[in-house]
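This report concerns only the one structure given below.
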Amino acid sequence: MKNQFDYIIVGGGVAAATIAKGLLEHKHDTSILILEAGPEIIAKDRRFWWDYITRGERPYTFTYDQKFEANSTGNIDYQTDGVRVKAYGGSTMHWGAWSLRFRPEDFNLFTNTGEGADWPINYEDLETYYNDAEAYLSVCGDDSANWVPRSKPYPVPPFEWTAADGEMIKAWEQLDVVYQDGDINPGKKSKIKSGKMPVARYRKCMTTGTCKYCPIGGRFNAQYVLDDLKEDSRFINFEVRVNSPVHKVNTSSKSKIESVTYTDNINGKEHTITGDTIILASGAYNVPKLLRASKNEFWENGIGNDYDLVGRFVVSHSMLNVVGKAQSNPNGWFQEYDFPTLMSHSYNTKEHQKKGKIFMFKNRTTPNVDIAQLMIDGKTREEIDEIVYGEMTVNIQAFLEEKGKHSNRLEAKPGKDRFGLPQTTVHFSRTEEEMKNANDRLKLLEQIIEKMGLEIISSRVDKPGGHHTTGTARMGTSPENSVADKFMKVHDTDNLYICSNAAFPTGSAVNPTLTLTAMAFRLVDHFIKKKQN
Amino acid sequence: MNEEVTSIGGSVCNEKLSAGLIFAEGQNLTHQNKEALWEIFEAIGFSWSNTIYNSNNQRSSWYEMLKAKTENAPNYTGEYVNAIYVIDELKAMYGKEDAYKKLFFESNIDNSAPPTTRLAHCKVYVVNEFIRMQITAGGFKSWGTKYGGEQAKNYHGFLGGTRYNRISKVRAYNPDSNNLKNE
C-alpha cells in the first residue's frame, strides 16, 4: 500500500473533491490521497430511491451524529444530531444545494460592527472563484438579480416561482421587502432585486424534489466528482480510502507537517501516511478536534492552538420560523418542487449587519398536504378533497446571521463515535441582546404573514445547530487572532492547510457551501502558483 | 407490536406473523403473481378516482419499483406473495369490489405499528407503498381543479416530461392571473 503522497486530504466532501479535481486536471500524475472516515453509500441507486419514496428512508441517515455522540452545553441547546453526513461525498449526500454567495460586507463584519471578525480577504478576492464554483456546481440563478455583484451570468437559468409563492410575493411588494435601498451602489439608492433561489443542479435535473436522494444525479454530490476522478485513467496516482478516520497529524518540527495517522475501520490497523502538503477538509466539527488532538513537543496544546483559539468562535445560523394559516385553499396548492424558489435579500445588507442580517425564503414544504398518507389512513376521496381544499398553512423562514464569540466553543469529548472519530461537545450561548434582535427580526416575518391575510399559528426562533457551523479554525492576520492565514494555511506551519467552513471568520446569513467551493478553487490556484514559483 | 383485532378477513388474513419482512430469498415472482399485484395497484386508482384515464400510464414506473424491490435485498417477494393470499381470501369472502373497499378503508390496521398479521403485512408493506408510489407517479394530478384551479404538475418524486424548462414544470406564478380563486 502506497504511503507517501504529494497531497493528503482529510475528509471526502465537496472541498476535497474540488481540490483533487483542480490539482489533477492541472497535473495528471499528482499523487493525492483522500482519507474519509465514513463509509461509501451508493448514490443514484434505484432501490434506495424507491425506499425513499415509499418508506421515507434515506440510506445515509445512520451516519448522522446520534445524541450520545454529540451534545451541547450553554443557555440554549445546540442541535448536533442529524445534521452531518459522515460518508464518502460528505454532507453533499443530503444537502439542499442552495448556492448563494456571501455579500461584500460579510468579509468586513468587525470593521462594520465592532463584533465578530473580518476576513483577511475581500469579496473581490473571491469573486472570480465564485464564478468557477457556480460553473462547477451548475448553479441555476436569475441573471437580472443584483443582490450581489457578479462578473459572469449564472451557468443555468433559475427555477420559476410557484403559484403558491404568489401571495407572499405580493405581501413582500406591499411591505417593500423585495426592493429596498441597499448598498450595492452607495449614495445612488440602488434597489436590491432578488427573488429566485440559486440551486446547484446539473442540467439533467428533473425537478423530482427528492434532492435528499436524487435518483438521477441531477443535484450536485461530491461523490460523483470523486467517482469520475477514480475512474479517469489519466489520474493514476489518485486514491480514496473510506472507513479511514484520521486521528492525528504528525510534525517533524514546529513548521513541518510530516504525516497523518489513521485507522482502517475494516481491520482495525493503524497507518501513518506521509505527505508534502496536508489539507484538512473534514468540516467545522472535525478540523478543530483533529488539530487539538495533534499534540506534540512543538505544539503542546495541539497544532495551531498556541493561543487557545482552535474550536472557538462557533458560528451558527439560527432559523426564524413563522407559520400562518388560511381558512381555505381553493386552488389545491401543495409544494410542487419540495425546494424553495422564493427568497429575499432585503435584510441581508450592510445596514442590517449590526443587528444581524437575515436571509428570508418561503419554506420549501408549505403549503402541503400528504395526500398519500391520507389515503393510507383510509380517508375517502371526499374526505381528502375537504382537506386539500380546506385550511392551508404557509411558512416563511429566515436564516439569522450570528457572530462568533470567544466563549462559544466546539471540542472533543471523551470517547469515539461509530466511525472512530472523537465525539463532540458544543458550548454555545446566546446573549440577551442576540435573543432580542432575533425576536425583532421575527416580527418582520410576522408582518409578512399578516399582510398575506393569514392567521399566525406559530412564531419562533429555532435553536442553533450544526448544519452551517463555521468559524472553529478561522482565518485571520496573525496567530494571535486566528488559526490560519488568508490562504487557509495554519499559522507557523509550512504545509498544513484547512479547507473547510471551519476557516470562515463569519457565516453570513446564507448557506456556506458555495463559498467553501470558491475557497477550494482559490486554494488550488494558490498551490499551482506556489509550485510554479 | 400491532395487536390489532381485525374486523375483516378470515384465517389467512388474521394469521400471526413476525413483523419483519417475510423471508423469500431466492424466490421470484411469476407472471401471474405480477398480474395479481397489478390488480391491487389498479384498485387504488378506482377507489380514489385519482387516475386521469386508468393506471396503465403508471405501469412502467410501478414495474420498475417491483423489480427494484424483488431483485435487491431486502427482498419483497415474500410480502408480495403474501398480499396475493390476503386479497384472494378477501375476494372469496366479500367479492372483488368490497374486498378492496374493506382493505383500503376498513382494515383497522395501525399503519404506524409493526405488522403482526398477514393482513397487516399486506397493508403496511404492499398497499401503503403502492399508494405512495401511485400518488408520486401521477395520482397527485387529480387534486387542484375541483374549483376551477389549474391541474397540479409536479410532486415529491415525480419524474415527468423533459429536463428543459421550455414548458413549466409546476403551477407557476403568473402575476396577472395568479390567486384569483383566493380573492
Side-chain angles (χ1 to χ4, degrees), chain A residues 45-56 140 157-167 169-170 203-210 215-216 218 326 328-338 341-342 365 368-373 375-381 384-385 388-389 453, chain B residues 44 47-50 64-65 67-69 71-73 104-109 111 123-124 127-136 139-140 142-150 152-165 168-175 178-182:
Chain A
D45 179 84
R46 296 298 294 185
R47 172 59 189 272
F48 279 154
W49 187 69
W50 279 117
D51 284 346
Y52 179 29
I53 294 296
T54 57
R55 303 181 60 79
C140 67
F159 290 109
E160 58 207 313
W161 286 318
T162 64
D165 290 337
E167 290 293 297
I169 291 169
K170 287 180 185 172
R203 284 167 177 78
K204 61 186 172 186
C205 173
M206 296 288 283
T207 66
T208 63
T210 51
I216 53 174
S328 70
N329 178 15
N331 296 286
W333 282 330
F334 42 79
Q335 181 64 354
E336 298 192 51
Y337 277 135
D338 202 33
T341 43
L342 177 64
T365 59
N368 206 5
V369 177
D370 189 345
I371 296 168
Q373 188 60 49
M375 291 165 70
I376 288 167
D377 291 340
K379 303 282 186 205
T380 63
R381 173 75 199 213
I384 296 173
D385 277 357
V388 168
Y389 300 106
Chain B
I44 294 167
S47 299
W48 278 280
S49 306
N50 70 335
E64 197 242 312
M65 181 189 74
K67 201 164 158 15
K69 294 229 176 199
E71 293 183 1
N72 300 284
F104 295 154
F105 301 106
E106 299 168 15
S107 72
N108 291 322
I109 298 296
N111 295 300
K123 180 72 169 46
V124 169
V127 172
N128 293 357
E129 294 194 12
F130 279 12
I131 287 173
R132 287 223 168 267
M133 187 264 144
Q134 198 259 12
I135 286 292
T136 290
F140 69 89
S142 78
W143 278 277
T145 56
K146 184 171 184 179
Y147 299 103
E150 189 184 354
K153 293 182 179 174
N154 207 350
Y155 197 78
H156 182 73
F158 184 63
L159 275 161
T162 164
R163 65 176 181 263
Y164 298 105
N165 287 332
S168 173
K169 302 190 110 184
V170 294
R171 290 175 288 183
Y173 173 57
N174 178 343
N178 208 56
N179 314 338
L180 290 177
K181 298 291 176 307
N182 271 355

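Chain A is the first sequence line, chain B the second, and so forth, proteins listed ahead of strands; every chain is numbered from 1.
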Checklist entry - Between Ala372(A), Gly209(A), Gly332(A), Ala326(A), which has the largest tally of heavy atom pairs under 4.5 Å with chain B? => result Ala372(A)
Checklist entry - For chain A, which of Arg171(B), Gln134(B), Lys123(B) has the most heavy-atom pairs under 4.5 Å? => result Arg171(B)
Checklist entry - Can you name the salt bridge (Lys or Arg N to Asp or Glu O under 4.0 Å) partners of Asp370(A), sequence neighbours left out? => result Arg132(B)
Next on the checklist: Quick check on the interface: out of Asn368(A), Ile216(A), Thr210(A), who has the most heavy-atom pairs with chain B under 4.5 Å?
Outcome noted: Thr210(A)
Checklist entry - Is Tyr389(A) reaching over with its side chain to a backbone N or O of Lys146(B), donor-acceptor style, under 3.5 angstrom? => result yes
Checklist outcome for this item: Hits for salt bridge (Lys or Arg N to Asp or Glu O under 4.0 Å) against Lys69(B), two or more places apart or cross-chain, chain-then-number order -> Asp51(A), Glu129(B)
Checklist outcome for this item: Turns out that what part of Thr341(A) lies under 4.5 Å from chain B's heavy atoms comes down to neither
Next on the checklist: Would the distance check show the side chain of Asp377(A) and the main-chain N or O of Lys379(A) forming a donor-acceptor pair, the cut-off being under 3.5 Å?
Outcome noted: no
Checklist entry - Can you say whether the rings of Trp48(B) and Phe105(B) are parallel (under 30°), tilted (30 to 60°) or perpendicular (over 60°)? => result tilted
Item to check | Exam field: side chain Asn111(B) to backbone Asn128(B), donor-acceptor pair closer than 3.5 Å | outcome: no
Item to check | Portion of Glu64(B) that has a non-hydrogen atom of chain A nearer than 4.5 angstrom | outcome: both
Item to check | Proximity breakdown for Phe104(B) and chain A, heavy-atom pairs closer than 4.5 Å | outcome: backbone
Checklist entry - Checking heavy atoms, do the side chain of Lys67(B), its backbone, both or neither come under 4.5 Å from chain A? => result neither
